[in-house]
Amino acid sequence: MANIKFTGVHKSFGSNKIITDFNLLGKEDEFLVLVGPSGCGKSTLLRMIAGLEKIDEGEIFINDQKINELHPSKRQTAMVFQSYALYPHMNVYENMSFGLKIEKRPKEEINTKVMQAAKILKIEELLERKPKQLSGGQRQRVAIGRAITRNPKIFLFDEPLSNLDAALRAEMRVEISKLHNQIKTNMIYVTHDQVEAMTLADRIVILNHGNIEQVGTPEEIYNDPANVFVAQFIGTPKMNILKVSQEEISSNQINFLGNNVKIPNVNLEKKNYFIGIRPEHFSVSDDSEYKFEPKIDLIENLGNEKIAYIKMNNHEISAKISSQNKIENQMGFNSKDIFLFNENGERIKS
């Protein structure tokens, strides 16, 4: 059991600032997911924990032990890479045991740990195979097994599923989640895939340009986004965000999709705002609070649901509804599903 703490961490490459004043406490046995667009500093943070990148400023602690200057082998972390990083001339058993052999562990201990890891990952029958004889999913299991044998305090995953096809990614997400529940060890997982973040995480850290935009459980991030960036980053399709000028505000109401909408418990000023609503919060039922006539540009049929792309008053919005429902002349929404942001993109809570 371990916790990890970042205090005022900075990292730059030349004049390019990657991480700026990063502060975070990772709890014991927590599955922490770092998510954000490419270049936001996710992998750099992981490499600094592992000791593969030096920290410019600040401190990182594991269980109150400062690790800034510790050699990577002394940090009790194990990293699983996107590229698997398996030795092609070694079989699965040799790949999984290699780190322990380098540490000169006893043969019996090595064998016990490799067999335990193989059993957990259900790869006992693969131990004599070479990496070229394995599928992508099997190779990733081997890479994870190699990390398990190290018995680390913290597992570090750097986009481990991005090389797999969609079906294998879904399968491996389940396996990694089961693994965390089984071995009860801290995991820090880097991804740009919001589905992985939402399904795996105890808490999500959303990064943008090296800064934390929000930290919270998947439910908190989805239901209570701190700003426009977070609101649009989590959710598929992304949240509809429309700019509202001060001319569209009157009598404490906002003109939205042809309706004068009252935002619950918010006193509107004559300012510019952003108004947001998720595609899944549109409805074709008659009991919606507000209604409008959609001008449909395109419909994507996804099997159990369909996404309608709509043009309204120079705005483009998307709506997600069940495939069992027909989109005819009317759609609706409710004021409780509306998110309001100020002109700087920060959330205004009702």
Side-chain angles (χ1 to χ4, degrees), residues 165-171 173-174 192-199 217-225 227-245 247-266 268 273-341 345 347-350:
D165 62 38
L168 266 178
R169 280 202 303 273
E171 180 182 328
R173 281 201 307 269
V174 174
H192 63 269
D193 187 328
Q194 56 157 302
V195 175
E196 288 180 22
M198 293 291 285
T199 54
T217 65
E219 292 79 10
E220 289 168 346
I221 296 291
Y222 178 84
N223 294 316
D224 193 16
N227 53 44
V228 167
F229 179 85
V230 174
Q232 290 200 300
F233 197 85
I234 295 296
T236 304
K238 66 182 181 180
M239 182 186 289
N240 298 292
I241 299 289
L242 283 67
K243 188 173 183 178
V244 177
S245 66
E247 290 78 19
E248 296 174 281
I249 298 171
S250 62
S251 303
N252 209 35
Q253 294 178 324
I254 291 180
N255 187 287
F256 179 59
L257 300 180
N259 292 272
N260 290 320
V261 177
K262 177 74 170 69
I263 310 297
N265 303 316
V266 173
L268 297 170
Y273 293 95
F274 290 97
I275 193 168
I277 185 168
R278 294 200 181 278
E280 53 269 33
H281 289 157
F282 286 112
S283 172
V284 294
S285 66
D286 291 329
D287 55 0
S288 297
E289 188 178 354
Y290 298 99
K291 299 178 178 64
F292 65 97
E293 294 182 3
K295 296 178 181 178
I296 297 173
D297 196 33
L298 175 71
I299 293 180
E300 287 184 333
N301 195 331
L302 303 179
N304 66 324
E305 60 192 14
K306 51 191 172 184
I307 299 171
Y309 295 92
I310 300 165
K311 289 186 177 178
M312 291 287 295
N313 302 326
N314 298 320
H315 295 300
E316 294 185 358
I317 61 175
S318 57
K320 182 195 289 186
I321 64 171
S322 169
S323 289
Q324 298 176 354
N325 295 326
K326 290 184 178 180
I327 303 175
E328 296 179 340
N329 298 322
Q330 185 173 271
M331 295 188 74
F333 60 92
N334 297 310
S335 58
K336 68 179 179 62
D337 295 321
I338 286 178
F339 295 81
L340 192 66
F341 307 89
R347 175 83 179 283
I348 299 172
K349 297 187 180 183
S350 59

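Positions are given from 1 along the sequence. Please read these numbers as outputs of a predicted model, since none were measured by experiment. Hydrogens, waters and symmetry mates play no part in the numbers below; they use all other heavy atoms, side chains included.
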Side-chain contact, heavy-atom cut-off 4.5 Å: [X] with [Y]?
| X | Y | value |
| --- | --- | --- |
| Asp224 | Lys349 | yes |
| Val195 | Arg173 | yes |
| His281 | Phe333 | no |

Just by distance, do the side chain of [X] and the backbone of [Y] share a donor-acceptor pair under 3.5 Å?
| X | Y | result |
| --- | --- | --- |
| Asn223 | Glu219 | yes |
| Ser322 | Gln324 | yes |
| Asn259 | Lys291 | yes |
| Glu305 | Leu302 | no |
| Asn334 | Asp337 | no |
| Asn240 | Ile277 | yes |
| Lys336 | Pro264 | no |
| Gln232 | Met239 | yes |
| Arg169 | Glu196 | no |

As an exercise, state the distance from [atom1] of [X] to [atom2] of [Y], rounded to the nearest 0.5 Å.
| X | Y | atom1 | atom2 | value |
| --- | --- | --- | --- | --- |
| Ile310 | Ile296 | CD1 | CD1 | 5.5 Å |
| Thr199 | Asp193 | OG1 | CG | 8.0 Å |
| Ile321 | Ile299 | CD1 | CD1 | 7.0 Å |
| Ile307 | Ser323 | CD1 | OG | 9.5 Å |
| Leu242 | Ile317 | CG | CD1 | 7.0 Å |
| Ser283 | Lys320 | OG | NZ | 14.5 Å |

Taking all heavy atoms of [X] and all of [Y], pick out the closest pair and write down the distance.
| X | Y | answer |
| --- | --- | --- |
| Pro237 | Ser318 | CB-OG, 3.9 Å |
| Phe341 | Ala231 | CZ-CB, 3.8 Å |
| His192 | Phe233 | O-CZ, 4.2 Å |
| Arg278 | Ile221 | NH2-O, 4.4 Å |
| Gly235 | Gln194 | N-OE1, 2.7 Å |
| Leu268 | Asn252 | N-OD1, 2.6 Å |

side-chain contact (heavy atoms from CB on, under 4.5 Å) evaluation trace for Glu316 with Tyr309: CA-CA 7 Å; Glu316 294 185 358; Tyr309 295 92; over 6 Å; no
Just wondering, more than 12 heavy atoms not from Glu171 lying within 6.0 Å of its CD? yes
Are there more than 12 heavy atoms of other residues, nucleotides or ligands under 6.0 Å from atom NZ of Lys238? no
For the pair Leu340 and Ile254, evaluate side-chain contact (heavy atoms from CB on, under 4.5 Å) and give the outcome as yes or no after the intermediate values. CA-CA 10 Å; Leu340 192 66; Ile254 291 180; 3.8 Å; yes
Are the aromatic rings of Phe256 and Tyr290 close, with centres under 6.0 Å apart? no
Answer yes if the ring centres of Phe282 and Phe292 are under 6.0 angstrom apart, and no otherwise. yes
Ser245 versus Glu247, side-chain donor and acceptor atoms under 3.5 Å: yes
